[in-house]
Amino acid sequence: MKIATFNVNGITARLPRLLEWLESTRPDVACLQELKTSDETFPVDALRDAGYGAIWHGQKGFNGVAILARDAEPQERRRGLPGDPDDTHSRYIEAEAHGVVVASIYLPNGNPQPGPKFAYKLAWFERLREHAASLFDDPRTVVLAGDYNVVATDEVGDIYSPRSYKDDALLQPESRAAWQRVLDQGWTDAIDSLHHGKPIYTYWDYFRNRFSRDSGLRIDHLLLNAAAKARLEQAGVDRDVRAQEKPSDHAPAWILLSD
DNA sequence: ATGCCTGTCTGGGACAGA
């Protein structure tokens, strides 16, 4: 079983790339982030024609998350994280599909820091940690996939060079500590666990030839509970998607689980 | 030193992204 996560940076502008990628890689479950579209304008028909059922939580202009399932309808478990009824951002959706519990996560960016956006990021991270605790203990396979907007370390396995990002919210000690507190529940970072130390990035800024220089960051992650970790066979990034015409600034990341 | 690109909403320029 293949499970993937892809920050599409606008599903309307990215629909041709998304459909090509679904057809060529055929993930069983795909988590999408940054839809940048309202619920009413989500391209459900095009995805159904491609063989995917979908649930989504859209938002006009920015944010937005979805879960796709090949030849199946994802069964929605939750939209939005508990803990803050005043949070209006569409950043979390959770479903069961093909016997696996999956969350699609778009963690707040947090820039500029310090400031209210950074405080929101850290608060959201804490709400995620509290919710994730119960999911880790689920005996079923659970995968928390998405754009976490955190670079785990300054090492080359996580970022090409920390120098130009040193003041960025993604690299701050508070962001890293919040990430570590989630991992401390027992979650496995799938790509890191199979490719530790290797420069396998998922995001390259659009400008300064960052992709052609492979000046990337690894910020899209798939976290596995114990049942999922026991099934982990492969993990990778479809970096060729980032080299296409009119690409997202992120590439899809994926795992392969045993049946 | 700097959103240097890109998408969205909108109808030109602001905002958001990382």
Side-chain angles (χ1 to χ4, degrees), chain A residues 5-19 21 31-43 46 56-66 87-92 104-122 124-125 128 146-176 178-179 199-221 237 239 241-253:
Chain A
T5 181
F6 186 14
N7 179 322
V8 294
N9 189 17
I11 196 170
T12 306
R14 211 67 57 217
L15 192 57
R17 296 290 86 77
L18 174 61
L19 294 174
W21 171 70
C31 299
L32 308 180
Q33 301 87 32
E34 273 206 90
L35 306 178
K36 292 187 172 181
T37 198
S38 62
D39 282 338
E40 294 75 21
T41 48
F42 183 84
W56 60 95
H57 192 195
Q59 187 168 354
K60 189 175 183 178
F62 62 117
N63 300 327
V65 286
D87 184 2
T88 57
H89 290 201
S90 298
R91 297 184 175 274
Y92 186 92
S104 182
I105 291 167
Y106 180 43
L107 206 129
N109 168 300
N111 282 307
Q113 72 80 27
K117 292 189 175 183
F118 192 57
Y120 173 65
K121 173 183 194 148
L122 298 179
W124 203 96
F125 228 139
L128 176 64
D147 177 358
Y148 283 78
N149 271 321
V150 61
V151 174
T153 75
D154 284 348
E155 301 300 312
V156 74
D158 294 306
I159 185 169
Y160 71 103
S161 165
R163 188 162 58 94
S164 61
Y165 281 91
K166 69 178 176 55
D167 295 325
D168 194 286
L170 280 64
L171 274 66
Q172 295 315 300
E174 297 92 335
S175 306
R176 289 172 167 171
W179 167 250
I200 297 178
Y201 305 132
T202 65
Y203 166 85
W204 302 260
D205 213 321
Y206 282 122
F207 50 66
R208 288 174 168 158
N209 297 313
R210 286 267 166 83
F211 181 65
S212 60
R213 296 162 182 260
D214 198 23
S215 298
L217 287 61
R218 193 171 67 86
I219 56 175
D220 299 271
H221 306 299
V237 173
R239 58 174 288 132
V241 174
R242 182 64 177 78
Q244 304 291 327
E245 288 294 312
K246 302 287 281 182
S248 170
D249 41 5
H250 295 249

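Within every chain, numbering begins at 1; the chains are lettered A, B, ... in the order of the sequence lines, protein sequences first and strands thereafter. In this text, all values refer to a predicted model and were calculated from it rather than measured experimentally.
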Side-chain donor-acceptor contact under 3.5 Å, A:Asn111 with A:Lys117
no
Length of the line joining A:Asp220:CG and B:dG17:C1', which is rounded to integer Å
13 Å
Counting only heavy atoms not in A:Gln244, do more than 12 fall under 6.0 Å of its CD?
yes
A:Arg210 CZ to B:dG3 P, straight-line distance once rounded to whole Å
12 Å
Just do the side chain to side chain donor-acceptor pair (under 3.5 Å) check on A:Asp87 and A:Tyr92 with the steps written out, would you?
CA-CA 11 Å; A:Asp87 184 2; A:Tyr92 186 92; over 6 Å; no
Just call it for A:Arg91: base, sugar-phosphate, or nothing, with non-hydrogen atoms closer than 4.0 Å on any strand.
sugar-phosphate
Partner nucleotide of B:dG11 by Watson-Crick or wobble geometry (both distances under 3.5 Å)
none
Write down the distance separating the C1' atoms in B:dT8 and B:dG3, rounded off to the nearest Å.
16 Å
Which part of the nucleic acid does A:Tyr106 contact within heavy-atom distance under 4.0 Å: base, sugar-phosphate only, or nothing?
sugar-phosphate
On a whole-Å scale, what distance lies between the P atoms belonging to B:dT2 and B:dG7?
25 Å
Output a table of nitrogen or oxygen pairs between the protein and nucleotides 5-9 of chain B separated by less than 3.5 Å.
residue, atom, partner, partner atom, Å
B:dG7, OP1, A:Arg14, NH1, 3.4
B:dG7, OP2, A:Lys246, NZ, 3.2

I need the OH-P distance between A:Tyr203 and B:dG3, as an integer number of Å.
13 Å
For a quick check of understanding: with a heavy-atom distance under 4.0 Å over all strands, which category does A:Asn149 fall into, base, sugar-phosphate or nothing?
sugar-phosphate
Remember a base hit wins even if backbone is also touched, and classify A:Lys117 as base, sugar-phosphate or nothing at under 4.0 Å, heavy atoms.
sugar-phosphate
Length of the CG-C1' vector between A:Asn7 and B:dA16, whole Å
12 Å
Starting from the C-alpha separation in whole Å, work towards a yes-or-no answer on salt bridge (charged side-chain N to carboxylate O under 4.0 Å, His left out) for A:Asp214 and A:Arg239.
CA-CA 10 Å; A:Asp214 198 23; A:Arg239 58 174 288 132; 3.2 Å; yes
Ignoring hydrogens and geometry, is there a side-chain-to-backbone donor-acceptor pair from A:Tyr206 to A:Asp249 under 3.5 Å?
yes
A:Ala178: what forms a side chain to side chain contact (heavy atoms under 4.5 Å, CB included) with it, not counting sequence neighbours?
A:Phe125, A:Arg181
A:Thr5 pairs by side chain to side chain contact (heavy atoms under 4.5 Å, CB included) with which of A:His221, A:His250, A:Gln33?
A:Gln33
Can you check the distance between B:dA1 and B:dG13, where both ends of the measurement are the P atom (answer in whole Å)?
30 Å
Could you check whether A:Asp167 gets within reach of a base, just the sugar-phosphate, or nothing at all, counting any heavy atom under 4.0 Å?
nothing
So what does A:His250 hit on the nucleic acid, given a heavy-atom distance under 4.0 Å: a base, only sugar-phosphate, or nothing?
sugar-phosphate
